[in-house]
Amino acid sequence: MSVAGATFDAVEPGDDLPVITVDLARDYVKAHAAELGMAFPRFTDEEGAKLEGLPGQITPGNMTLALLARELLTWAPGGRVLRLGTTFRGLALAGSAVQLLGTVTEKDDERRTVECDVWMETAEGDRCVIGTATVQLP
């Protein structure tokens, strides 16, 4: 089951977070990198990234973290992300679309928190970023 506007009483382990599709447009990724003082060729320029040995312009890791946090807070407005840890398993290429997905794995009645597995998936179905999060729900 996928529910937006999740509350602690309404969610159960096994529930899926709503799928969010994000267009990692090159200008969007470049603007993010520039705003954070990370205007390195790998994040801002297709050809510059290739000169660094990459297949093309890539998305900064902190941007993927922010997108996964946004997924969690879109699912649970008024909730708080207490912890978000990720492992980067591949590249999120700028100029592509990715999906943000997640599943509730545990529920803690005393703390009113849930544990979630979250991930970013390419159009080819590769999980380029995987992680876990603890979210306190309203």
Side-chain angles (χ1 to χ4, degrees):
M1 178 171 96
S2 174
V3 179
T7 62
F8 183 79
D9 294 330
V11 300
E12 294 297 331
D15 288 353
D16 292 327
L17 281 63
V19 177
I20 297 175
T21 300
V22 177
D23 178 11
L24 297 175
R26 285 182 174 81
D27 288 343
Y28 176 47
V29 173
K30 181 179 181 175
H32 175 88
E35 186 67 28
L36 293 176
M38 299 175 63
F40 308 117
R42 69 184 61 186
F43 304 133
T44 61
D45 177 72
E46 187 75 6
E47 292 308 312
K50 288 180 180 179
L51 288 173
E52 292 186 37
L54 296 164
Q57 181 187 355
I58 62 172
T59 304
N62 62 8
M63 185 175 182
T64 62
L65 280 169
L67 291 169
L68 288 169
R70 182 177 80 178
E71 175 194 24
L72 292 162
L73 294 174
T74 297
W75 167 65
R80 291 180 50 214
V81 177
L82 301 178
R83 183 191 56 78
L84 175 58
T86 57
T87 300
F88 298 92
R89 299 176 61 194
L91 300 173
L93 293 174
S96 66
V98 294
Q99 290 189 320
L100 308 173
L101 302 106
T103 301
V104 176
T105 57
E106 294 178 39
K107 190 172 175 178
D108 184 329
D109 292 324
E110 186 176 314
R111 294 179 52 211
R112 295 188 64 81
T113 61
V114 294
E115 294 291 317
C116 299
D117 286 344
V118 292
W119 62 95
M120 178 181 283
E121 193 170 283
T122 66
E124 296 76 30
D126 295 327
R127 292 183 180 187
C128 55
V129 181
I130 60 172
T132 58
T134 305
V135 182
Q136 190 170 44
L137 297 175

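We number each residue from 1, following the sequence as shown.
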Sequence neighbours left out, cut at 3.5 Å: what donor-acceptor pairs do the side chains of residues 64-71 make with other protein atoms?
unit_1	atom_1	unit_2	atom_2	d
Thr64	OG1	Gly61	O	2.7
Glu71	OE2	Leu101	N	3.2
Glu71	OE2	Gly102	N	3.4

Tell me the closest heavy-atom pair linking Ala33 and Pro60, and the distance in Å. CB-CG, 4.3 Å

Leu84 side chain near Val118 side chain, heavy-atom distance below 4.5 Å: yes

Pro41 side chain reached by Leu51 side chain, heavy atoms, under 4.5 Å: no

Correct closest heavy-atom pair for Leu72 and Ala133 would be CD1-CB, 3.6 Å

Measure the shortest side-chain to side-chain distance between Asp108 and Glu106 over non-hydrogen atoms and say whether it is less than 4.5 angstrom. no

If I take atom CD1 from residue Ile20 and atom OG1 from residue Thr74, how far apart are they, to the nearest 0.5 angstrom? 4.5 Å

Closest non-hydrogen atoms of Gly5 and Pro77, given as atom of the first, atom of the second and distance, are CA-CD, 3.7 Å

Any donor-acceptor pair under 3.5 Å from Gln57 side chain to Phe43 backbone: yes

Heavy-atom check, side chain of Asp9 versus side chain of Arg112, under 4.5 Å: yes

Does a side-chain heavy-atom distance below 4.5 Å link Glu12 with Lys107? yes

Residue pair Asn62, Met38: steps toward the side-chain contact (heavy atoms from CB on, under 4.5 Å) verdict: CA-CA 10 Å; Asn62 62 8; Met38 299 175 63; 3.4 Å; yes

With sequence neighbours excluded, give me every salt bridge (charged side-chain N to carboxylate O under 4.0 Å, His left out) pair touching residues 18-35. Arg26-Glu46

Counting only heavy atoms not in Arg83 (residues, nucleotides, ligands), do more than 12 fall under 6.0 Å from its CZ? yes

Short side-chain donor-acceptor distance under 3.5 Å, Thr132 and Asp117: no

Apply side-chain contact (heavy atoms from CB on, under 4.5 Å) to residues Tyr28 and Thr59 and explain how you reach the verdict. CA-CA 10 Å; Tyr28 176 47; Thr59 304; over 6 Å; no

Gap separating the CZ atom of Phe8 from the OG1 atom of Thr113, nearest 0.5 angstrom: 7.0 Å

Closest heavy-atom contact between Leu137 and Ala76? CD2-CB, 3.3 Å

Applying the 4.5 Å side-chain criterion to the ILVMFWY set and letting contacts propagate, would Leu17 and Val11 be lumped into a single cluster? yes

Indicate if Ile58 and Ile130 have the same hydrophobic cluster label, given that clusters are the connected sets of ILVMFWY residues with side-chain heavy-atom separations under 4.5 angstrom. no

Are Leu54 and Phe40 joined in one hydrophobic group, where the rule is that I, L, V, M, F, W and Y side chains link up if heavy atoms are under 4.5 Å apart? yes

Heavy atoms of Gly79 and Leu73 approach each other most closely as O-CD2, 3.5 Å

When rounded to the nearest 0.5 angstrom, what distance separates CD in Gln99 from OG1 in Thr122? 9.5 Å

Shared ILVMFWY cluster between Val81 and Met120, side chains joined below 4.5 angstrom? yes

Keeping the roles fixed (side chain from Thr105, backbone from Glu115), state whether a donor-acceptor pair exists under 3.5 Å. yes

List the atom of Trp119, the atom of Thr103, and the distance in Å for their closest heavy-atom pair. CH2-OG1, 3.7 Å

If Ile, Leu, Val, Met, Phe, Trp and Tyr residues are connected whenever their side-chain heavy atoms lie under 4.5 Å apart, and connections chain through other members, are Leu93 and Phe88 in the same group? no

